[in-house]
2 protein chains.
Amino acid sequence: MRAVFYIASHSLDGSRPGIKEIAENINSPEHFLAKILQKLSKGGIVSSIKGPNGGFFIEPQGLNRPLADIITCLEGDQIFTGCGMGLSYCSESNPCPLHHEFKKVRNQLTHMLYQTTIGEFNGELRAGALTLNK
Amino acid sequence: MRAVFYIASHSLDGSRPGIKEIAENINSPEHFLAKILQKLSKGGIVSSIKGPNGGFFIEPQGLNRPLADIITCLEGDQIFTGCGMGLSYCSESNPCPLHHEFKKVRNQLTHMLYQTTIGEFNGELRAGALTLNK
DNA sequence: TTATTAAAGGATATTTTTGTCTTTTATTTG
DNA sequence: CAAATAAAAGACAAAAATATCCTTTAATAA
């Protein structure tokens, strides 16, 4: 998510940071980050260009996608739909003890992740008001 | 948490289920459950007695403790205080991009886990309205 | 068109989490 | 006290998550 924020905040002026640059700026192991960006690239969250002057970027419309898309791409929709205690049987019609209470929390998280967009923090990030370090 | 619910629902009549019985009823590997119960026992969430007719139980006042205590005992208070993106620098005065939005979600989760008590589901569990299977 | 740059992909390694096995200690009952 | 029961504890094993390395592919520029 930090990598996506970093790329997003650099996509306004058409620049394309490479893995090395991103990794340095978000304190992430380079090769590990590469794996994640590959997945995000396949999922269409970020775009990439190889070769000199290549790197990662996000299309203008991509900046309006919700954060939830990042999570879905990387980890599936388990956190949006799954049981709070990880129970397979749990559902609306056959709820686990925590089901109803947990649903409220999960709904709020879901709502937050669908309302917040990838590009939402660009201004503050570029102004230096927010940072992405570990 | 399911183990605690199971023990709680059997502590009303003074019975003391053993690890084997608990494991069977919550579909948990016996020895793995043993480790968890050891930790919960050290933390004072559950009590235990060795030997014949021994097993685990929860004191009457223990039934009024919040679910949050279980989590704190097993995993610390990271989920109550930590940053949503796992950033070490993030705080109220030096927030990460998601800090303010995530705080709302975390606060609701925290509230839920502190309002809900360990013994809260005893009635429904004993009536069979709720189950603890995986 | 060749050298260089940078992402993609596959194989491997490390670490953490989860799960298992065995021995020890405590308690109860005959 | 001796035998049986059951949790506590420690050592060990398997699986999953995280991280690294190396080779391949694509793009650019001289």
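Residue numbers begin at 1 in each chain, while the letters A, B, ... track the order of the sequences. The structure presented is a predicted model; accordingly, all values stated were derived computationally and were not measured. Just the heavy atoms: all of them, side chains too, but no hydrogens, waters or symmetry mates, feed the values below.
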Discussion item. Using every non-hydrogen atom in the two residues, find where A/Thr81 and A/Arg106 come nearest and quote the distance to one decimal.
Written reply: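 Heavy-atom minimum between the residues: O-NH1, 2.9 Å.
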Discussion item. Strictly below 4.0 Å: does A/Lys42 bring a side-chain N or O up to OP1 or OP2 of C/dA8?
Written reply: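 Negative; the distance criterion is not met.
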Worksheet entry | Under 4.0 angstrom between B/Ser41 side-chain N/O and D/dA7 OP1 or OP2 |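 No, B/Ser41 has no side-chain N/O under 4.0 Å of OP1/OP2 on D/dA7.
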Can you tell me the distance, in whole Å, between the [atom1] atom of [X] and the [atom2] atom of [N]?
X	N	atom1	atom2	result
A/Gln78	D/dA16	CD	P	15 Å
A/Lys39	C/dG10	NZ	P	14 Å
A/Gln38	D/dT24	CD	P	16 Å
B/Glu21	D/dA6	CD	P	10 Å
B/Glu30	D/dA6	CD	C1'	11 Å
A/Ile36	D/dA19	CD1	C1'	10 Å
A/His31	D/dA17	NE2	C1'	18 Å
A/Arg16	C/dT5	CZ	C1'	12 Å

Worksheet entry | Residue whose closest nucleotide on DNA chain D lies nearer the 5' end, B/Pro17 versus B/Lys35 |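 That would be B/Pro17.
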Item to complete: Mind telling me whether B/Tyr114 and B/Phe80 have parallel, tilted or perpendicular rings, with 30° and 60° as the class edges?
Response: tilted
Quick one: does any side-chain atom of [X] pair with a main-chain N or O of [Y] as donor and acceptor, under 3.5 Å?
X	Y	value
B/Asn27	B/Lys134	yes
B/Asp77	B/Thr72	no
A/Glu120	A/Thr117	yes

Worksheet item: Would A/Leu132 and A/Phe57 show up in the same hydrophobic cluster when neighbours are defined by side-chain heavy atoms closer than 4.5 Å?
Response: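 No; A/Phe57 is not reachable from A/Leu132 via cluster members.
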Item to complete: Have a look at A/Leu37 and say if it touches a base, only the backbone sugar-phosphate, or nothing, with a 4.0 Å heavy-atom cut-off.
Response: nothing
Discussion item. If you take any heavy atom closer than 4.0 Å to DNA chain C, which residues from residues 46-56 of chain A end up in contact?
Written reply: A/Ser48, A/Ile49, A/Lys50, A/Gly51, A/Pro52, A/Gly55, A/Phe56
Discussion item. Are A/Phe56 and A/Tyr6 an aromatic pair, judged by ring center distance below 6.0 Å?
Written reply: no
